[in-house]
Amino acid sequence: MHARIPPGQRLAEGFPVLDLGILPDVPHGDWRLLLLGQVRQEVELDWAQLLALPQCTDVSDFHCVTHWSRLDVAWEGVRARDLIALAQPLPEARFVTLHGYDGYTTNLPLTALLDPEVLVAHGVDGGPLAPEHGGPVRLVVPRRYAWKSAKWLKAMEFHAEDRPGYWEVRGYHNDADPWQEERYA
Ligand SMILES: Nc1nc2c(c(=O)[nH]1)N[C@H]1C(S)=C(S)[C@@H](COP(=O)(O)O)O[C@H]1N2
Ligand SMILES: [Mo]
């Protein structure tokens, strides 16, 4: 039998909020997403342009490194890979820094973001994404601990080299696979 919850995790009550404690005020009309760095085509996308792209829903589990998990979260948004295709990363662009409007950053290999489960999400569980959960728009990376799922997504920056993000420079594991318990480096 397969365990449903990764080692060291327990089910959360409700949907906890975890972040640096800075709640950026990003009205939908002011929200922009930039794709920049090692790309053929820099992209700047607004709310209407995001909604005009193919939308999808993906149900996945959400695992925070502080030991809570939330199962069967239905995220709604655009596949990250569809956005990345617009920017056409250069062959040397193997890593991505995700930037939030609160100044937060986290890093992932480009290949991790091309997984069809990875969404640039604006909805959750049938409603809009609340500001405290990263609204108007956040990243969702189901196969990694939740600190890789940048809230208030502002930019995706493509690099040749890996650049550790906010928690990664403070001792968190670079890869963050919950099933391997990759919590701290
Ligand atoms: N921009 C931004 N994104 C962030 C964070 C943050 O502080 N700022 N915290 C991360 C952490 S540690 C977790 S566990 C999840 C929590 O998401 P939630 O508040 O929607 O549960 O957001 C992640 N994304
Ligand atoms: Mo977290």
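Given the structure is predicted, the values throughout are model-derived calculations rather than measurements. Numbering of ligands and ligand atoms starts at 1, following listing order.
Taking only nitrogen or oxygen atoms, main chain and side chain alike, P16 reaches within less than 3.5 Å of ligand 1. The shortest N/O to N/O separation between S149 and ligand 1 falls below 3.5 Å.
The option with the heavy atom closest to atom 8 (N) of ligand 1, from among V65, D19, D102, is D102.
Distance alone, capped at 3.5 Å, is enough to place a donor-acceptor pair between the W152 side chain and the P131 backbone. Looking at Q41, its side chain never comes within 3.5 Å of a backbone N or O of A87 through a donor-acceptor pair.
When each atom of ligand 1 is checked for a heavy atom of F15 under 4.0 Å away, the hits are 20 (O), 21 (O). If you number the atoms of ligand 1 from 1 as listed, the ones under 4.0 Å from a heavy atom of W152 come out as 1 (N), 2 (C), 8 (N). Listed by number with element, the atoms of ligand 1 under 4.0 Å from a non-hydrogen atom of V17 are 19 (O). Ligand 1 places these atoms under 4.0 Å from at least one heavy atom of A150: 3 (N), 24 (N). Less than 4.0 angstrom separates some heavy atom of W68 from each of these atoms of ligand 1: 21 (O).
In summary, of the residues considered (R144, R183, K148), a salt bridge (Lys or Arg N to Asp or Glu O under 4.0 Å) with E168 occurs for K148 alone.
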Output, in order, the C-alpha distance, side-chain angles, deciding distance and verdict of ring-ring contact (aromatic ring centres under 6.0 Å, His included) for Y172 and Y184.
-> CA-CA 4 Å; Y172 282 33; Y184 307 107; 5.2 Å; yes

Take D115 and R143, measure what salt bridge (Lys or Arg N to Asp or Glu O under 4.0 Å) needs, and give me the verdict at the end.
-> CA-CA 9 Å; D115 182 327; R143 293 177 187 276; 3.2 Å; yes

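In this structure, the protein non-hydrogen atom closest to atom 14 (S) of ligand 1 is C64 SG, 3.3 Å. For atom 23 (C) of ligand 1, the nearest non-hydrogen atom of the protein is A146 O, 3.3 Å. In terms of protein heavy-atom proximity, atom 19 (O) of ligand 1 is nearest to K151 NZ, 2.5 Å. Looking at atom 17 (O) of ligand 1, its nearest protein heavy atom turns out to be R138 NH2, 3.2 Å. Looking at atom 7 (O) of ligand 1, its nearest protein heavy atom turns out to be L20 N, 2.9 Å. If you check which protein heavy atom lies closest to atom 9 (N) of ligand 1, you get L18 O, 3.4 Å.
Residue contacts with ligand 1, taken as heavy atom pairs separated by less than 4.0 Å, involve F62 solely via side-chain atoms from C-beta onward. With a 4.0 Å cut-off on non-hydrogen atoms, W147 touches ligand 1 through its backbone as well as its side chain.
Looking at H99 and T105, their side chains never bring a donor and an acceptor atom within 3.5 Å of each other.
The aromatic rings of Y104 and Y166 sit tilted relative to each other, their planes meeting at an angle between 30° and 60°.
With values rounded to the nearest 0.5 angstrom, L108 atom CG is found 9.0 Å from D175 atom CG. Rounded to the nearest 0.5 Å, atoms OG (S149) and CG (L18) are 12.5 Å apart. Distance check, rounded to the nearest 0.5 Å: CZ of R4 to OG of S69 gives 10.0 Å.
Cation-pi geometry between R163 and F95 is not met: the NZ or CZ atom fails to fall both under 6.0 Å from the ring centre and inside 45° of the normal.
Assignment of Y172 to the shell around ligand 1 is not supported, since no heavy atom sits closer than 4.0 Å.
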